[in-house]
2 protein chains.
Amino acid sequence: MVPTHDPQLLKGVLSLLLLRLLAERESYGYEVVQRLRELGLSDIGEGSVYPALARLEREGRLQGRLVASRSGPARKYYRPTPAGSQALSEGTESWLSLAAVVHPVLVRRLPDPSTTTEDT
Amino acid sequence: MVPTHDPQLLKGVLSLLLLRLLAERESYGYEVVQRLRELGLSDIGEGSVYPALARLEREGRLQGRLVASRSGPARKYYRPTPAGSQALSEGTESWLSLAAVVHPVLVRRLPDPSTTTEDT
DNA sequence: CCGAGTACCTGGCATAGTCAAGTAGCAGGC
DNA sequence: GCCTGCTACTTGACTATGCCAGGTACTCGG
C-alpha cells in the first residue's frame, strides 16, 4: 500500500486529534505518535507531531510538564488547558459540520454521462 | 452563526469537491462558488475557488473551455479529464479513510476526569 | 566505546486557502 | 453618453501547517 494519504487532508485535523487524544489521556509526543499510528494514521511522523504540540502549547491550548524516564530522555507530558478543551469542542463542531457537507456529496452516486446526457 | 469554519480543514477537500461537482455537472467558476454555497459552505470565496480551478487545470485534472455569455464576460466551463476522474476516486478514498479514523475518535465519549481519576 | 532504541527539537520546504484589488463585459437608468 | 451594479475571471501577497532531514541527548547491552 503506497498511496492513500494526502498530507493536505490532515491540515487542521491533526491538532484536533492531538487535543482529543490528550484530553482522553495525558501523553508525551513520542507516545502520541504511536497512538496515532494505532488509530490507523500509519504514516504520521514525529516531524508532524512535535511541532504541532509545541504550537498548541505556545498558543496556550496545551500544558506540558517534563517527567524523567528510566528508559531514555525526559518525556514531556501534555494535557489540554481550558482553552484547549474549548478549542477541542469548537474544532470538533467545525469538523463535524464540514464532514456533514462533504460526505454526502462524495458518496452520492455519480450520474453516468453516457447514459444520462444523451439529449445534451 | 459566525464562527465555525477553520480554513485549514478545507485543505485538500476543496479540490475534491470541485472535481466532484464538475463530474456531476460541467460548470464555470462563478457558478461553482454558488453551488458550494448551496451545499452549506457559505463562507467560501471566489478567491479560494478560482485559484483551485486554475491549479487543477494546470495539473491536467480539469479541462476548461470558454463560452460566451449574454449576461457578462465569457464563462470558463470545466469538466474533469480522465486524470481528474482518477484523482477524484483516489481522493475520495483518502478522505473516506481519514474520516473513518477521525470521526470515531472525535465522537467517542470523553472520560470525565473528575469521576475517573480521583486517585491522581 | 558503540550501536540501537527512546525522546525531543529545529530549519527549510511545499501546498493550498484567503484577502484584496484589479480587469472587463453587459444591462438599465438618467 | 455615462454611471452603477452584477456577472465573471485573474493575480499577488500573506498565512497556516504538515513534512522531511538532520541534529541533540539519555539509557542500556555488548
Side-chain angles (χ1 to χ4, degrees), chain A residues 5-19 26-37 41-59 61-62 64-78 87 91 94-95 98 101-102, chain B residues 4-19 26-37 41-59 61-62 64-78 87 91 94-95 98 102:
Chain A
H5 173 54
D6 183 344
Q8 302 304 326
L9 289 178
L10 208 53
K11 297 258 170 138
V13 180
L14 180 58
S15 6
L16 209 49
L17 288 176
L18 296 180
L19 284 170
E26 195 188 33
S27 274
Y28 52 99
Y30 196 81
E31 190 187 40
V32 167
V33 172
Q34 293 169 342
R35 289 174 71 188
L36 288 170
R37 295 221 172 105
L41 269 19
S42 39
D43 37 8
I44 226 66
E46 303 177 8
S48 303
V49 171
Y50 286 119
L53 289 173
R55 179 170 41 79
L56 286 168
E57 185 181 24
R58 211 167 46 238
E59 294 168 346
R61 304 198 217 277
L62 288 180
R65 63 189 176 98
L66 283 174
V67 177
S69 161
R70 306 198 354 162
S71 64
R75 299 165 171 174
K76 193 160 182 186
Y77 282 86
Y78 291 98
S94 289
W95 193 86
L98 178 64
V101 167
V102 173
Chain B
T4 335
H5 172 54
D6 182 344
Q8 302 304 325
L9 288 178
L10 208 53
K11 297 259 169 136
V13 180
L14 180 59
S15 6
L16 210 48
L17 288 176
L18 296 179
L19 285 170
E26 196 188 34
S27 277
Y28 52 99
Y30 196 82
E31 189 186 40
V32 167
V33 172
Q34 293 167 341
R35 290 173 70 188
L36 287 170
R37 296 223 171 103
L41 270 20
S42 37
D43 38 9
I44 225 68
E46 303 179 7
S48 303
V49 171
Y50 285 118
L53 289 172
R55 179 170 40 80
L56 287 167
E57 185 180 26
R58 211 168 45 238
E59 294 169 346
R61 305 198 217 278
L62 287 181
R65 63 190 178 97
L66 282 174
V67 177
S69 161
R70 305 196 356 159
S71 62
R75 299 166 172 173
K76 193 158 181 188
Y77 282 86
Y78 292 98
S94 289
W95 193 87
L98 179 63
V102 173

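Proteins get letters first, then strands, A, B, ... in listed order; numbering begins at 1 in each.
For DNA chain D, the span of nucleotides reached by chain B at under 4.0 Å from its heavy atoms goes, 5' to 3', from D/dT7 to D/dT17.
For the pair B/L36/B/L14, a side-chain contact is recorded, criterion being any heavy-atom separation below 4.5 Å from C-beta on. You'll find the side chain of B/Y78 reaches within 4.5 Å of the side chain of B/E57, heavy atoms only.
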Could you list, one pair per line, each protein nitrogen or oxygen that sits under 3.5 Å from a nitrogen or oxygen of nucleotides 26-29 of chain C, together with the distance?
{"unit_1": "C/dC26", "atom_1": "O3'", "unit_2": "B/R70", "atom_2": "O", "d": "3.2"}
{"unit_1": "C/dA27", "atom_1": "OP1", "unit_2": "B/R70", "atom_2": "O", "d": "3.4"}

Polar atoms only, N or O, under 3.5 Å: list the protein pairs with nucleotides 16-20 of chain C and their distances.
{"unit_1": "C/dA16", "atom_1": "N3", "unit_2": "B/K11", "atom_2": "NZ", "d": "3.1"}
{"unit_1": "C/dG17", "atom_1": "OP1", "unit_2": "B/G12", "atom_2": "N", "d": "3.2"}
{"unit_1": "C/dG17", "atom_1": "OP2", "unit_2": "B/R55", "atom_2": "NH2", "d": "3.1"}
{"unit_1": "C/dT18", "atom_1": "OP1", "unit_2": "B/H5", "atom_2": "NE2", "d": "3.0"}
{"unit_1": "C/dT18", "atom_1": "OP2", "unit_2": "B/S48", "atom_2": "OG", "d": "2.1"}
{"unit_1": "C/dT18", "atom_1": "O5'", "unit_2": "B/S48", "atom_2": "OG", "d": "3.3"}

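At C/dA7, one or more side-chain N or O atoms of A/Y28 fall inside 4.0 Å of OP1 or OP2 (strictly under the cut-off). In this structure, A/Y30 does not reach the C/dC8 phosphate: none of its side-chain N or O atoms is under 4.0 Å from OP1 or OP2.
Rounding to the nearest 0.5 Å gives a distance of 8.0 Å between OG of A/S15 and CG of B/L9. Note that CD of B/Q34 is 7.5 Å distant from CZ of B/R37, once rounded to the nearest 0.5 Å. Here the CZ atom belonging to B/R55 is positioned 9.5 Å from the CG atom belonging to B/L62, to the nearest 0.5 angstrom.
Within 4.0 Å (heavy atoms only), B/A54 reaches no atom of the nucleic acid at all.
With sequence neighbours excluded, the residues that form a salt bridge (Lys or Arg N to Asp or Glu O under 4.0 Å) with B/R65 are B/E26. Every residue two or more places apart in sequence or in another chain was checked for a salt bridge (Lys or Arg N to Asp or Glu O under 4.0 Å) with A/E46, and none qualifies. For A/S27, the side chain to side chain contact (heavy atoms under 4.5 Å, CB included) partners are A/L22, A/R25, A/E31, A/V32, A/R35, not counting sequence neighbours.
Residue A/Y78 contributes atom OH, which lies 14 Å from atom P of C/dA7 at whole-angstrom precision.
In this structure, B/W95 and A/W95 have parallel ring planes: the angle between them is below the 30° cut-off, well short of the 60° mark.
Distance alone, capped at 3.5 Å, places no donor-acceptor pair between the A/Y28 side chain and the A/L66 backbone.
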